[in-house]
Amino acid sequence: MDVTAIGEILIDLTQTGTNGAGVPQFSANPGGAPANVAVAAARLGARSAFWGKVGDDGFGAYLRKVLADNGVDASGLRTGSQPTTMAIVSVDGSGERSFRFLRGADRDICPEEVDEDAVLGTKILHFGSVSLTAGMSRSATIFAARTAHKHGGLVSYDPNYRPALWANQAEAAEWMTIPLPLVDIIKLAEEELPLLTGTADLEEGTRILEDRGLSLILVTLGGQGVFCRWRGETWRQPGVPVKVADTNGAGDTFLGAVLSRLCQRGERPLEGLARAELKDILAFANRAAAFTCSRSGAIPAMPTREELFDREGAPRLP
């Protein structure tokens, strides 16, 4: 397997507009950051798998089908007694999101349900911080990351901060930093950098993370692209201009695109990676994220590789 993601898969009740009376309208989209990353990587050519837990309900069955339909191995998706988790996603006039979570089955995946052989058989194990917030999923996630790290696999981490899921910012910062010694690749939003490093300065914050042993550090900057630190060097990779319909899933698409391209390099995806090649990978990922921003929803908006290139192999823009 190229990429295996562990964590939450859920229903995004995403605002799509209002009716004639001004009442908000929502659609039930598949989502959950680690699941999004697994789907994005699969749509862009990687062999990916997802581990998590859903409820024994219609939404759970639907999410299992979504993974299968997108070529993601869902054999690690368990069914629990709690209902499938939901996130209510409201979107403002600029396309920015706000979240309200109704937690359920995603919290209940336990270490005994993690397939150690599958961990050892994947090039990159990916997880996010939502599964560190509560329940058995915290132990399962750290167990999977520690197993991959111990046996030489690459570990990818997205400390996606959702204030509504933590008692306070101090608790979030504590738990979001605990897995860092296990991590090789990190993708975080600009506003999350101070939580992990104590500084909003991109140069200093990413240097702190590199000093803690992380190899590839990616700080997403919205429409401005991404700030990258790799082997002591830093640069900004410009974003792709796009008319934004919905930013939901854009960061996950970006990371899924990065991981898919890295896995194409062989069994050791970071070995021998030069700056020029990495810049090309980041440009590809920014373009994939722009496609997602141009459409509504998370997983439904993610592009395929065929959408990103024309018949001659030239890059397409959204």
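The figures that follow rest on heavy atoms only: side chains count, while hydrogens, waters and symmetry mates do not. Keep in mind it's a predicted model, so treat the numbers as computed, not measured. Residues: numbered from 1 along the sequence shown.
Atom CZ of R78 is separated from atom SG of C110 by 9.0 Å, given to the nearest 0.5 angstrom. Rounded to the nearest 0.5 Å, atoms CZ (R268) and CG (L270) are 11.0 Å apart. To the nearest 0.5 Å, atom CZ of residue R64 and atom CZ of residue F50 are 10.5 Å apart.
Judged by distance alone, the side chains of T79 and D56 never bring a donor and an acceptor atom under 3.5 Å apart. For T85 and E8, the side-chain atoms include no donor-acceptor pair closer than 3.5 Å. Between the side chains of D73 and S75, at least one donor N or O sits under 3.5 Å from an acceptor N or O. With hydrogens and angles left out, the side-chain atoms of W235 and Q237 include a donor and acceptor closer than 3.5 Å.
The closest donor-acceptor contact from the side chain of N286 to the backbone of P238 lies under 3.5 Å.
Under the 4.5 Å side-chain heavy-atom criterion for grouping Ile, Leu, Val, Met, Phe, Trp and Tyr, V72 is connected to L77 within one hydrophobic cluster.
Looking only at side-chain heavy atoms (C-beta outward), P111 and M136 come within less than 4.5 Å of each other. Two residues are said to be in side-chain contact when any heavy atoms from C-beta on lie closer than 4.5 Å; L120 and T147 meet this criterion. You'll find the side chain of L10 stays beyond 4.5 Å of the side chain of D106, heavy atoms only. In this structure, T197 and T177 have side chains that are not in contact, with every pair of non-hydrogen atoms separated by 4.5 Å or more. Proximity of R287 to L308: side-chain heavy atoms (C-beta onward) are separated by under 4.5 Å at one or more points. The closest side-chain heavy-atom distance from T18 to V23 is not below 4.5 Å. By the 4.5 Å heavy-atom criterion applied to side chains, V258 and I185 are not counted as neighbours.
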Derivation and outcome, side chain to side chain contact (heavy atoms under 4.5 Å, CB included), residues D280 and R261: CA-CA 10 Å; D280 180 65; R261 285 288 296 270; 2.6 Å; yes
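Heavy-atom contacts from other residues, nucleotides or ligands closer than 6.0 Å to CD of Q25 number more than 12.
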